Amino acid sequence: MAKTNERGITPQSEDFSAWYNELVLRAELADRGPVRGTMVIRPYGYRIWELLSGELDRLIKATGHENAYFPLFIPESHLRREAEHVEGFSPELAIVTHAGGEDLEEPLVVRPTSETVIGEMYARWIDSYRDLPVKINQWANVVRWELRPRLFLRTTEFLWQEGHTAHATEEEAVAEMMVAADFYQAVAEGFAAMPVLVGDKTPSERFAGAVRTVSLEAMMRDGRALQAATSHYLGTNFARAFGIEYTGIDGVRALCHTSSWGMSTRMIGGVIMTHGDDRGLVLPPRIAPHQVVVVPIGREGELGPVMAAAEALAAELTRTGVRVHVDTRTHVSAGFKFNEWELRGVPVRIELGPRDLAAGSAVVVDRLTGTKTPLPMAEVSATMPARLDAFQTALFDRARDFREAHSATADTLDELAEATATGFAWAFLCGDPACEKTIQERTGATPRCVPRDGAAETGRCVACGGPASYGRRLVFGRAY
RNA sequence: CGGGGAGUAGCGCAGCUUGGUUAGCGCGCCUGCUUUGGGAGCAGGAGGUCGCGGGUUCGAAUCCCGCCUCCCCGACCA
């Protein structure tokens, strides 16, 4: 365990996971629940989730999906209908065997995901090609029993959104999978300022029961990969298992092609590990609960006018659409507040004291650079939206530059091991799962995805030297 | 599940080896006064089933046995 004085947090370079744990707790994003692996999302963390999920919800609706809600409990027998699916999830299921004071006739599984219940219902609702496509999303909690929990990254219960669609053809279902991947990328890059590589999973990394899985992979500041969201083309696997069929225009009975896609509270963990530094969290303005915090400074006698000016400035900022918070606490010092709001990742701090009032100005402080800029009061709110936009862009650019600086092509296992020790490796793979296994055993890294933007290229498998599949290099990394 | 570490006040810890007053320290908390431009000061105060159960003993936070929980590192996962 790394040492830390009671005021600071363990530096990233000393112990990244200690840094992460301390930060989540100290910034009051979340706390551990009484049951191992469970998490309480505190108001500050939940607000981030609201901002993130609000944007995603808007995009989901804008692409023609409707929200609904399906039950938490799934009859165990239903889950068993899709063989690969059960097999994939069985080690992490929570099962209720006793309820209402009696043993249940049939155990109930607490949903680890809802393909099965939703499939069951779709089978009931879909009769004709005229009923298609069905495009439904739900916001829900799911439970996957975790052996090694981490707040936000891997908790036994987590919040997410799961979209489930049914289509007449493979082309439509695959296109749907890509629509979802696109809006996930828009949220990750445009709001979380987290650059992602989007592409197919290899068969061994695919979702249990899927024909294709597309994931978004981001690099954390310790060089490891985080899967930020996934989107699946399920083929007719679930349609066959649950009887999701329609009669076509030609009168022929056919199986639907389905898709599913999800983004979870893990994204918050990604934000923390993409942007945070040794002083604490750094939040992208678009998902920051407070984009600006005003810290009034002054002795008791002179605090009145300062507070009044702070409130007036805040009102002005609110009018320009900025989320602003005035820290009116009088029992902690100004210096304490500076440190605390830096720890909690507020993009811009405004210091306002008697000296500023006299000069008709305020001091604007940037969380990323620490730069303090005295500005005439009138300019503070006028320039704030642009300042926040620039901050958002700077965060994204910094994260992308970091990823590029920690990525390398690898044509041998040694090169792959070296690159993935600190970041990503781009390498060829033949497609044999045995080679993936070899690579993981030798380097700890796994293929994260086949980046859809990767340049077309051919070569030899980094593990066996055989001819490469996929027509391009895959990204490898050590995964969270 | 395997390996390592830890359970003592809200948080972080000392005390345990070598049993013995009323279990300490820092931070935080409460009250008052002074303070406030980078984690304020002084004074006073509150706060403890020493993880749980059993045992040894005149006497256990301390020694012995059993159990539970949490954290970290490895194999599966959004």
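In what follows, chains carry the letters A, B, and so on, assigned in the order in which the sequence lines appear, proteins first and then strands, with residues in each chain numbered from 1. All figures in this text were calculated on a predicted structure; none of them were measured in a lab.
Under the Watson-Crick and G-U wobble criteria, each requiring two contacts below 3.5 Å, nucleotide B:rC70 is paired to B:rG5. Of all nucleotides present, none satisfies the Watson-Crick or G-U wobble test against B:rG47 with each distance under 3.5 Å.
Here A:V142 lies out of heavy-atom contact (under 4.0 Å) with every strand. Among the atoms of the strands shown, only primed sugar atoms or phosphate atoms (P, OP1, OP2) are found under 4.0 Å from some heavy atom of A:N21. In this structure, A:T265 reaches neither bases nor backbone, as no heavy-atom distance under 4.0 Å exists between it and the strands shown. Nucleic acid contact for A:P296: none, since no nucleic acid atom lies under 4.0 Å from a heavy atom of the residue. Using a 4.0 Å heavy-atom distance criterion, A:R32 is classed as a sugar-phosphate-only contact. No engagement by A:G262 is indicated, since no non-hydrogen atom pair under 4.0 Å with the nucleic acid exists. Across all strands shown, A:E92 has heavy atoms under 4.0 Å from sugar-phosphate atoms exclusively, and none from any base. Using a 4.0 Å heavy-atom distance criterion, A:R329 is classed as making no nucleic acid contact. A:T446 comes within 4.0 angstrom of nothing in the nucleic acid, heavy atoms only. No contact: A:L226 has no heavy atom under 4.0 Å from any strand.
The listed nucleotides are B:rG39, B:rG37, B:rA78; the one nearest the side chain of A:R154 is B:rA78. Checking B:rG37, B:rA78, B:rA40 against the side-chain heavy atoms of A:S333 singles out B:rA40 as nearest. The side chain of A:R150 approaches B:rC72 more closely than any other nucleotide in the set B:rG38, B:rC72, B:rG37. Looking at the side chain of A:R26, the nearest of the listed nucleotides B:rG39, B:rA78, B:rU35 is B:rG39.
Proximity of A:R144 to the phosphate of B:rC77: no side-chain N or O atom is located under 4.0 Å from OP1 or OP2.
Residue-nucleotide stacking is present for A:F158 and B:rA78, judged by a side-chain ring centre under 5.5 Å from the six-membered base ring centre and planes under 30° apart.
Where A:Q227 and A:P149 meet RNA chain B, the nucleotide closest to each residue was compared, and A:P149 sits on the side nearer the 5' end. Taking the nucleotide of RNA chain B with the nearest heavy atom to each of A:S204 and A:N339, the more 5' of the two is matched to A:N339.
Between A:T38 and A:E157, the side chains place no donor N or O within less than 3.5 Å of an acceptor N or O (distance only, hydrogens not considered). Side-chain atoms of A:W261 and A:S259 include a donor-acceptor pair closer than 3.5 Å. No hydrogens or angles considered: nothing links the side chains of A:Q161 and A:H65 as a donor-acceptor pair under 3.5 Å.
Screening A:E115, A:E120, A:M121 for a side chain to side chain contact (heavy atoms under 4.5 Å, CB included) with A:F242, the sole residue that qualifies is A:E120.
Taking atom CG on A:L52 and atom P on B:rA78, their separation rounds to 18 Å, with Å as the unit.
Ion pairing between A:D327 and A:R329 holds under the 4.0 Å rule for side-chain N and carboxylate O.
Ring centroid separation for the pair A:F70 and A:H164 does not come in under the 6.0 Å cut-off.
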